[in-house]
Amino acid sequence: MEETLTRPAPAATRSPRVVGSQRALQSILGLFWILDAALQFQPFMFGRGFVNTFILPNANGQPALISWLITDVGHVVAPHVAVWNTFFALIQLAIGAGLLYRRTVRPALAISFVWVLGVWFFGEGLGMILTGSATALTGAPGSVLMYGAIGLMAWPRRVEHSAEGRSSRNEITGIGSSAAGRGLGGAVTPLVVWSGYWLLAAVLFLLPDNRTRTSVSSAIVGMVPGQPGWFAHVLNSVGHWFSSSGTQTAWILAVVSLVIALGPLVARRPHGYLLAGAVLSILLWVTGQGLLGNILIGSGTDPNTGPLVVLLAVAMVPTRLPSVYAWRSPLSSLWGRRPAVAVGSLLALGAALVLSATYPAPAAESASTAMAGMVGMSASGDAGSSPSATTASCTSGNDGTARSGLDVNNTPYMIMSGNLGMNMNGSDAAAAAGLNTTKANWHYTGPALPTALAQELLADGASAPDDIHMASTGCSLEPTFSEEINAVQYVQATSESVAHLANPFQAVAAGYVAVSPTSYPVVYYVNPSIVAANAAAHRTLSPGHVDGLVYAQTPSGSEVLAAAMYLLPSTATRAPMPYGALVQWHQRTNVCGQLTGSGPSPFDVTGSTPCASGTVPKATPYVTMVWQVPVAGGPLAIQPPDIQIVEASVMAVP
């Protein structure tokens with residue numbers, strides 16, 4: 001595929017230089033590495049937030065082995081994150097500095113290749129390609145992979161001279177004469193990287209999750225949290241433009257990506273295709289990649305993929321164009337030299353595009369509807385990675401008390417030995433956490449609640465068996481040791497993430513809005529931007545991105561953060577259970593909502609039954625909690641009665 005001539009063609013013409021030398025490419029790449037090192041030294045990176053945001057979430061949706069490896073590395077890093085982060089930053093700084101000095105370019109690049117593979121696997125989750133939710137709109141296949149690819153082009157090669165003493169590089173035309181064409185593989189490497197990136201982008205744009213009606217809007221609006229006000233307004237406005245045209249936009253982006261990918265393979269002058277790719281990359285960078293990603297909010301590790309694709313484009317601009325008569329396209333050269341490779345590549349591309357484009361797309365998702373519509377979710381389907389179990393497979397628990405297991409046949413009602421149920425505070429024991437790890441002797445130690453308040457809580461928030469519907473049914477297996485350890489770290493990470501939101505005022509300032517009556521003692525809040533971001537990234541149970549919060553008002557008037565809440569996306573075909581039975585998804589069915597539509601929020605509760613005029617009985621989305629107050633079921637309780645939530649909040653107040 002390398003475009004070369006043994007003699008410079010008389011009709012060959014020179015082309016304007018942008019990044020005209022390989023040395024310039026090395027220096028620019030070095031500056032990118034130094035920028036990454038500087039970002040790695042941000043205060044945010046020295047806390048558990050680094051692990052919770054940039055490592056552990058990459059395990060979501062991955063094949064089991066990859067998920068296990070990423071999770072284990074996160075757990076190794078977490079206890080000594082400051083030490084590890086310093087090491088990470090120094091490695092990147094060494095790579096960048098090495099690229100700025102000619103004599104150390106090769107060792108710096110050699111180290112960078114190893115580093116790229118590690119970061120791409122553990123820090124970017126292989127670009128999330130294996131999850132089926134990756135898209136070039138948000139930066140797939142990952143910026144660090146582009147660092148490695150451009151590093152191949154920056155690798156210095158020996159200069160060969162012809163018999164007349166002239167440099168052989170002066171005889172090369174086309175992409176091979178560009179700065180990117182002077183590294184390993186000559187012109188082949190930049191052509192493969194460029195076309196491969198854009199062909200992959202086309203396939204990813206057509207994945208089912210990326211061609212829903214609201215997929216583009218969700219991806220753009222999902223970048224809003226934490227951004228400066230002016231830029232948040234821009235993202236919201238642009239997202240609104242694509243609020244219902246995600247499917248058409250995905251097809252347009254896929255077609256444009258195909259043209260950009262194939263252009264340099266068939267055109268003598270690739271400038272237009274390189275320019276189109278650079279422009280599209282900038283547009284994706286400003287919108288779906290949030291301009292500078294999370295750099296503007298102090299938690300970004302790199303400027304994302306867009307700028308690197310632009311660097312690749314300008315580095316591929318030829319310094320000499322071949323003559324019309326002597327030129328042969330790279331695609332025709334490949335066809336002539338290796339027809340089997342050419343045919344195989346075209347067939348693979350066609351198959352990938354057909355499979356991606358014909359697989360049925362899920363329901364649309366957006367900031368306002370991403371979590372709605374969960375009422376009809378099957379309760380009998382596979383609910384996660386945990387194997388199904390029968391009653392006979394259950395083991396003893398609950399402080400040694402014999403039991404038949406966690407009976408979650410549409411209710412978390414606790415079944416102890418025999419058929420005896422357990423009652424707490426005059427309400428059903430819906431406080432049971434995974435595997436019945438509730439405290440059998442839990443009791444309220446605070447002052448007695450006012451009679452009127454207690455009656456209100458028991459009437460409207462009893463959480464009785466008929467009031468709770470579970471996403472997973474049957475008897476759950478005993479959690480493994482790994483699931484128990486991971487669940488503990490999940491609770492700790494979530495609690496740390498929401499610690500600064502101690503009261504509703506702080507929650508509102510952070511973008512959360514009340515989605516249940518604020519006149520009631522237990523109030524639910526949801527952050528629509530985080531919901532949209534999670535929907536766009538197809539992630540959940542991510543401590544760095546908590547969908548909602550639950551606050552309880554004590555009789556003394558204190559507002560207490562009672563729980564962090566995760567919502568299950570409406571596009572999910574099964575409820576993820578990475579911690580086995582310890583984390584259960586449930587929905588409340590005894591609440592009221594808007595008569596039509598999904599309401600102003602994905603979690604829309606107007607009151608309890610009997611419903612007021614204009615509202616109807618509606619189930620909430622499926623949720624799971626991490627309790628911040630000492631409810632009987634522990635931090636992973638399913639849904640304690642509201643009276644117990646208030647009592648636990650009273651006990652939590654100093």
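Predicted model only: the values in this text are computed from it and were never measured. What you see below is based on every heavy atom in this structure, not just the backbone, and it leaves out hydrogens, waters and symmetry mates.
Aromatic ring orientation, Tyr147 versus Phe32: perpendicular (interplanar angle above 60°, classes split at 30° and 60°). Classified by interplanar angle (parallel below 30°, tilted 30° to 60°, perpendicular above 60°), the ring pair Phe88/Trp115 is tilted.
Between atom CG of residue Asp209 and atom OG of residue Ser215 there is a gap of 8.5 Å, rounded to the nearest 0.5 Å. Between atom OG1 of residue Thr135 and atom CG of residue Asn210 there is a gap of 4.5 Å, rounded to the nearest 0.5 Å. One finds the CE atom of Met128 at 5.0 Å from the CD atom of Gln62 (value rounded to the nearest 0.5 Å). Here the straight-line distance linking atom CD1 of Ile282 with atom OG1 of Thr287 works out to 11.5 Å at 0.5 Å rounding. One finds the CZ atom of Phe122 at 10.5 Å from the OG1 atom of Thr71 (value rounded to the nearest 0.5 Å). The distance from the CG atom of Leu308 to the CE atom of Met146 is 6.5 Å, given to the nearest 0.5 Å.
Between Trp84 and Pro79 there is no side-chain heavy-atom pair separated by less than 4.5 Å. At least one side-chain heavy atom of Phe121 sits under 4.5 Å from a side-chain heavy atom of Ile70. At a threshold of 4.5 Å between non-hydrogen side-chain atoms, the residues Arg23 and Ser27 count as touching.
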>> Could you go through Tyr197 and Thr305, starting from their C-alpha distance and side-chain angles, then the distance that decides it, and tell me whether this counts as side chain to side chain contact (heavy atoms under 4.5 Å, CB included)?
In response: CA-CA 11 Å; Tyr197 172 81; Thr305 309; 4.0 Å; yes
>> Applying side chain to side chain contact (heavy atoms under 4.5 Å, CB included) to Met45 and Phe54, what does each step give before you reach the verdict?
In response: CA-CA 9 Å; Met45 305 300 174; Phe54 296 108; 3.8 Å; yes
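Using a distance-only test at 3.5 Å, with no hydrogens or angles considered, no donor-acceptor pair links the side chain of Arg268 to the main chain of Trp327. No donor-acceptor distance shorter than 3.5 angstrom exists from the side chain of Ser542 to the backbone of Arg539, with no hydrogens or angles considered. No donor-acceptor pair closer than 3.5 Å links the side chain of Thr138 to the backbone N or O of Gln289. Side-chain N or O atoms of Arg211 include one that pairs as donor or acceptor with a backbone N or O of Ser356 at under 3.5 Å. The backbone N or O of Pro63 sits nowhere less than 3.5 Å from a side-chain atom of Ser67 that would complete a donor-acceptor pair.
Side-chain atoms of Asp302 and Ser143 include a donor-acceptor pair closer than 3.5 Å. For the residue pair Asn527/Asp547, the side-chain donor-acceptor check at 3.5 Å is not satisfied. Inspection of the Glu124 and Asn58 side chains reveals no N or O donor paired with an N or O acceptor under 3.5 Å. Side-chain atoms of Ser497 and Thr494 form no donor-acceptor pair, as typed in the model, at a separation below 3.5 Å.
Heavy atoms only, all atoms of each residue included: Ala278 and Val310 are closest at O-CG2, 3.7 Å. In this structure, Leu206 and Ala250 approach most closely via the heavy-atom pair CD2-O, 4.2 Å. Of all heavy-atom pairs between Ser112 and Trp33, the closest is CB-CZ2, 3.9 Å. Contact detail for Leu137 and Ala219: the closest heavy-atom pair is CD2-CB, 3.5 Å. Nearest heavy atoms, Leu204 versus Ala134: CB-O, 3.6 Å.
For Arg106, the CZ atom sits in a packed shell: over 12 heavy atoms of surrounding residues, nucleotides or ligands are nearer than 6.0 Å. Within 6.0 Å of atom CZ in Phe113, more than 12 heavy atoms from other residues, nucleotides or ligands are found, so the atom counts as buried in its surroundings.
Here Tyr579 and Tyr490 bring their ring centres to under 6.0 angstrom of each other. Note: Trp194 and Tyr273 fail the aromatic proximity criterion, with ring centroids not under 6.0 Å apart.
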